[in-house]
Structures are given as structure tokens and as C-alpha cells.
Amino acid sequence: MYDILAYLFETCQQYELSFDRELVAKKLTAAGFEDSDISEALTWLAGVMRGPHHMIAPLPDARTTFRAFAPKELAKLDATCRGLLLHFEQSGILTPQTREHVIERALAASGEALTLEQLKLIVLMVLWNQQTPSSRLVAEDLLSVASMRVPS
């Protein structure tokens with residue numbers, strides 16, 4: 001799934017993902033990805049595009065509050081991953097709302113615990129979907145040469 005997400009970020013326009021899932025699936029098949037992986041990635045990405053519906057009120061600023069993690073979140077996000085989320089939030093890359101969206105999408109990702117590179121890709125996809133200007137600016141940092149092809 002993560003290889004597909006990196007490929008989509010590199011080769012697709014955001015509007016393609018929103019409006020022409022069938023065309024995107026054909027592109028991915030032509031690029032050599034397996035149908036089951038394509039389906040998993042596009043289903044996961046649809047959750048990114050839907051966004052968090054459960055948040056109505058703004059969340060408190062991270063500088064004045066503490067975010068405790070549930071056991072399920074602790075199992076999926078190790079200390080390094082949680083530290084990265086905190087760093088992104090304190091540096092203004094993530095808002096409390098986008099942090100929660102990233103955590104929700106991290107929990108929806110397949111597998112047990114996420115690697116740091118997988119979490120970076122999830123952050124990037126959430127920012128890219130929100131068309132956050134910083135998403136292109138942090139893309140180089142998030143998707144270094146070493147992590148461009150993240151193991152599934």
C-alpha cells in the first residue's frame with residue numbers, strides 16, 4: 001500500500017484521486033501494482049479524502065494541552081512515531097485537527113505497528129489531500145530517497 005501512496009503522490013494530480021478512481025486504478029495496474037494492493041490503497045485513501053467527520057469543535061492548542069494516546073494508538077505508533085507527530089504539531093505543520101486525522105488514518109492502515117517512514121507518508125497524504133501549502137514544502141523531508149519505496 002505504501003509504495004502505491006508514494007507513487008500516487010509522485011505521479012497523480014490531487015483532483016484525479018478525487019474524481020476518477022477507475023482511471024487511477026488503471027494507471028496503477030499499468031504501473032505493475034497488484035489489484036489487491038491497489039484496492040487496499042484506494043480504499044484507505046478514500047478515508048483520507050472523506051476527512052474526519054467526528055470533530056465539530058476545534059481542538060485545544062498543543063502548546064497548552066497534553067494528548068494522551070489510547071492503548072490501540074500506542075500499539076500502532078511507537079515512541080519515535082509519536083515524537084514525530086509532536087514535532088510536526090509544535091512546528092506548525094500539523095494542527096490538532098490534522099494530527100487527529102493522521103492518527104485515525106494510521107490506525108486504518110494495515111499491519112501492526114507503523115514504521116517512521118510509513119507514518120511520514122501518511123502525514124504527507126493527509127496534508128496533500130487538504131491541499132496544505134506546506135505539503136509540497138515538507139514532501140522532500142518526508143520522502144527522502146531512502147524512504148521513497150517504503151516496504152509494504
Worksheet item: With a 4.5 Å heavy-atom cut-off, do Val123 and Thr98 have their side chains touching?
Response: no
Discussion item. With no hydrogens and no angle check, just 3.5 Å: does a side-chain donor-acceptor pair link Thr95 and Glu89?
Written reply: no
Response to the item:
Taken to the nearest 0.5 Å, the spacing of Ile103 CD1 from Cys81 SG works out to 11.0 Å
Worksheet item: Can you check whether Val48's main-chain N or O pairs, donor with acceptor, with Asn129's side chain at less than 3.5 Å?
Response: yes
Worksheet item: Under a 4.5 Å cut-off applied to non-hydrogen side-chain atoms, are Met125 and Trp44 in contact?
Response: yes
Item to complete: Assess whether side-chain contact (heavy atoms from CB on, under 4.5 Å) is satisfied between Ile38 and Leu42, documenting all intermediate values.
Response: CA-CA 6 Å; Ile38 292 169; Leu42 291 180; 3.8 Å; yes
Discussion item. Per the side chain to side chain donor-acceptor pair (under 3.5 Å) rule, what does the pair list look like for residues 71-81, sequence neighbours excluded?
Written reply: Arg67-Glu73
Practice prompt. Dump the intermediate steps for side-chain contact (heavy atoms from CB on, under 4.5 Å) on Thr11 and Lys27, then the final yes or no.
Written response: CA-CA 10 Å; Thr11 63; Lys27 280 185 177 182; over 6 Å; no
Worksheet item: Can you find a pair of side-chain heavy atoms, one from Lys120 and one from Leu124, that are under 4.5 Å apart?
Response: no
Discussion item. Donor-acceptor pair, distance only, cut-off 3.5 Å: does the side chain of Ser39 make one with the backbone of Asp35?
Written reply: no
Worksheet item: When you measure from the side chain of Ser91 to the backbone N and O of Phe88, does any donor-acceptor pair fall under 3.5 Å?
Response: yes
Item to complete: Without swapping roles, check the side chain of Arg99 against the backbone of Leu85 for a donor-acceptor pair under 3.5 Å.
Response: no
Practice prompt. Please tell me if the side chains of Lys26 and Thr29 come closer than 4.5 Å, counting only heavy atoms from C-beta onward.
Written response: no
Discussion item. Rounded at 0.5 Å granularity, tell me how far CG in Leu28 sits from CD1 in Ile4.
Written reply: 5.5 Å
Item to complete: Answer whether the closest heavy-atom distance between the side chains of Met1 and Leu5 falls below 4.5 Å.
Response: yes
